[in-house]
Amino acid sequence: MDLISSLVFLSSGLFLGWSLGANDASNVFGSAVGSRMVRFSTAAFLCSVFVIIGAVTAGAAASQGLGELGAVNALPGSFTTALAAAITVFWMTQLGLPVSTTQAVVGAIIGWNVFSGSITDTDQLARIFGTWVFCPVLAGIFSAALYSFTVRFIRFRRPHLLRLDADVRTGLILAGMFGSYSLGANNIGNVMGVFLDASPFSSLSLAGGYQVSGTQQLFFLGAIAIAVGVYTYSRRVMTTVGGSLMTLSPLGALVVVVANSLVLFVFSSAPLSHFVVSLGLPPIPLIPVSSSQAVVGAVIGIGLLQGLRGVRQIRWMVLLRIASGWITTPLIAALVGFILLFVVQNVFSQQVYQEVRYQLSAPVIEHLAARGVPTANLRLQSKPVVGAVTFRRALRQQTVLPPTDEAAVLASAELTPIHIDSAAIRHLDHQRLSDEQVKAVRRLAGRSFRHRWQLRAALANEGSAWKPAIGDAHGTPQAQTVTLERQLGYVERAFLQRASTTRDSPGVQTNDTGPTGGTGQST
């Protein structure tokens, strides 16, 4: 597929980015513009610049979360999924509702999973649902705490009104810049996340040896689309969030922006998540969250803090309309996505998903037994089974396994033909992998594998750089394990053979005995 065709398929992602800019991106400056402390033109410019910076430099972490929900593995499917989400967001924007782009994308991905016969990761879906609840609650807690502290600080310092006004205006601009950066880092996964497994871009080498990965190029295009949306169509939603839900003072507007920015940063910062893990706590889910939900939660937090007077100021009918959009958005996006996928595949003859095959072979069963999975009732399959749902149905006819063991069988039996191509090694992103890891991959050049676990075992045999860390009392290596999982996933996607090789193309010799000559112990 040439570059022009690829850009045509990416157009729906750009449309989604434009819709996000028109809707969600405005929220970082919506309160400031709604309170007339910052002009719209200033807000739009600053928001656009820092969204781009955040997306390109820090967008990779949160973008992986949606990929775990469902890996859209064909570019026409990515185009259709993003288009379904974009249409949903655009329609809600037309109604003046600050709809969640995350919910639209999640709904569209579920529609793709249903259409392609893929299994939706219910654990990941539960984590995403949890963020939809926790995001506005956390924003409300942040805003209430910040507002209370700021009011007390002002009463203690008693600044002149002109000085206070100038400080608040400066604070709104700085907070909006930080919020825009966090928005780009967190929500670029909504715009381009469905294209990660089917990206047409490869790494570029610039002057001075600087590498620009294909993912960064993808995110840059998406961020440009967001910036265009901010400039061309965000004023209406800024007014809704900034003034319609509750009349905010300039100080309240500042607190809302800061609270929103902090929430977006929390759910997009890999270092923060690793720090939490180092304390022995569960990792923070790095998932795109809705800035609209965060803003609404922050506004309500201030209202509740002010007691009965503040509660009366909240326009509850506006809140009800906003909440109704959050409930219906994923359902509408899933339905629209399913219909569009059917049309694109059957009317325009575009392959919207690559068939994924599963097979219980002798090496797979040996590998599962080595992991402690009960294999007594598992039977060898002479032919691969197409589709995760179909394979799971056949598996359940053989035996009943606990959910964790069933997931292990699905992951181990999946046929993912991987060929370590020497030319592709040169395009690996050295910002993601260490020099030792790249050297280990290079030593596997020319080898092929039928399963991911075989590749992982081979990499682990090449050196400690690809082996998981051993935990200690403080749990610090858990953060390293999270990073290693992301690096392994990146290498697997980089060398995955698509289309022809999923049908056991003779052009790639696969090794079903595993890289270790036996069970191929998983790392």
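None of the values given here were measured: they were computed from a predicted structure.
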List the atom of Ser182, the atom of Ser261, and the distance in Å for their closest heavy-atom pair. OG-O, 3.6 Å

The residue among Thr81, Ile87, Leu83 that forms side-chain contact (heavy atoms from CB on, under 4.5 Å) with Ser12 is Leu83

Centroid-to-centroid, Trp132 to Phe129, below 6.0 Å? yes

Anything under 30° is parallel, anything over 60° is perpendicular, the rest tilted; go ahead and classify Tyr233 against Phe90. tilted

Is there side-chain contact between Arg456 and Glu492, with heavy atoms separated by less than 4.5 Å? yes

For a quick test of reading the model, state the closest non-hydrogen atom pair linking Phe267 to Pro285 and the distance between them. CD2-O, 3.3 Å

Applying side chain to side chain contact (heavy atoms under 4.5 Å, CB included), run through Thr390 and Arg393 and close with a yes or a no. CA-CA 5 Å; Thr390 303; Arg393 187 183 304 117; 4.1 Å; yes

Does any donor atom in the side chain of Asn260 or Ser291 lie under 3.5 Å from an acceptor atom in the other side chain? no

Do Val385 and Gln359 make a side-chain contact, defined as non-hydrogen atoms from C-beta onward lying under 4.5 Å apart? no

Looking at every non-hydrogen atom in both residues, tell me the closest pair between Thr329 and Ser100 and how far apart they are. CG2-O, 3.8 Å

All heavy atoms of Ala86 vs all of Ser19, minimum pair found to be O-OG, 3.7 Å

Spacing of Gln487 atom CD and Leu428 atom CG [to the nearest 0.5 Å]: 11.5 Å

Asn190 versus Thr101, side-chain donor and acceptor atoms under 3.5 Å: no

What is the distance from atom CD1 of Ile188 to atom CG of Leu20, rounded to the nearest 0.5 Å? 8.0 Å

What pair of heavy atoms forms the shortest contact from Ser290 to Cys135, and how long is it? O-SG, 3.6 Å

Once you round to the nearest 0.5 Å, how far does CD1 of Ile128 lie from CG of Leu69? 4.5 Å

Kindly determine whether Glu414 and Arg357 satisfy salt bridge (Lys or Arg N to Asp or Glu O under 4.0 Å), including the steps that lead there. CA-CA 6 Å; Glu414 181 181 349; Arg357 298 184 173 195; over 6 Å; no

Search all heavy atoms of Pro363 against all heavy atoms of Trp453 and return the closest pair with its distance. O-CH2, 3.7 Å

Under the criterion ring-ring contact (aromatic ring centres under 6.0 Å, His included), I'd like the reasoning laid out for Phe178 against Phe265: C-alpha separation, chi angles, the key distance, then a yes or no. CA-CA 9 Å; Phe178 172 56; Phe265 179 77; 5.7 Å; yes

Given side chains that start at C-beta, do those of Val441 and Phe495 come closer than 4.5 Å, heavy atoms only? yes

Parallel under 30°, tilted from 30 to 60°, perpendicular over 60°: which one fits the rings of Phe79 and Phe9? perpendicular

Run the side chain to side chain contact (heavy atoms under 4.5 Å, CB included) test on Thr57 and Tyr181 for me, step by step, so that the C-alpha distance in whole Å, both residues' side-chain angles and the decisive distance to 0.1 Å come before the verdict. CA-CA 9 Å; Thr57 62; Tyr181 171 86; 3.7 Å; yes

For the atom pair OG (Ser116) and CZ (Phe338), what is the distance rounded to the nearest 0.5 Å? 10.0 Å

For the residue pair Asn186 and Leu286, establish whether any side-chain heavy-atom pair is separated by less than 4.5 Å. no

Counting only pairs under 3.5 Å, give me each side-chain donor-acceptor contact of residues 217-224, with atom names and distances, residues two or more places apart or in other chains.
| residue | atom | partner | partner atom | Å |
| --- | --- | --- | --- | --- |
| Gln217 | NE2 | Ser202 | O | 2.8 |
| Gln217 | NE2 | Val212 | O | 3.3 |
| Gln217 | NE2 | Ser213 | O | 3.4 |

Can you check whether Val438 reaches Ser434 side chain to side chain, under 4.5 Å on heavy atoms? no

Taking the ring centre of each residue, are Phe391 and Tyr358 less than 6.0 Å apart? yes

Passing option when Glu462 is tested against Arg442, Gln437, Lys439, Arg443 for side chain to side chain donor-acceptor pair (under 3.5 Å): Arg443

What do the steps show when you test Val51 against Asn187 for side chain to side chain contact (heavy atoms under 4.5 Å, CB included), and what is the final call? CA-CA 9 Å; Val51 158; Asn187 270 221; over 6 Å; no

Distance check, rounded to the nearest 0.5 Å: Ser422 atom OG versus Leu444 atom CG? 11.0 Å

Taking the side chain as every heavy atom from C-beta outward, state whether Leu14 and Val191 have any pair of such atoms under 4.5 Å apart. no

Could you go through the side chain to side chain contact (heavy atoms under 4.5 Å, CB included) check for His451 and Leu415 one step at a time? CA-CA 5 Å; His451 305 281; Leu415 292 172; 3.4 Å; yes

May I ask you to test the Leu488-Leu459 pair for a side-chain heavy-atom distance under 4.5 Å? yes

Just how far is it from atom CG of Leu138 to atom CG of Leu262, taken to the nearest 0.5 Å? 8.5 Å

For the residue pair Trp18 and Phe15, categorise the inter-ring angle as parallel (less than 30°), tilted (30 to 60°) or perpendicular (more than 60°). parallel

Pairwise side-chain contact, Cys47 with Val230, heavy-atom cut-off 4.5 Å (strictly under): yes

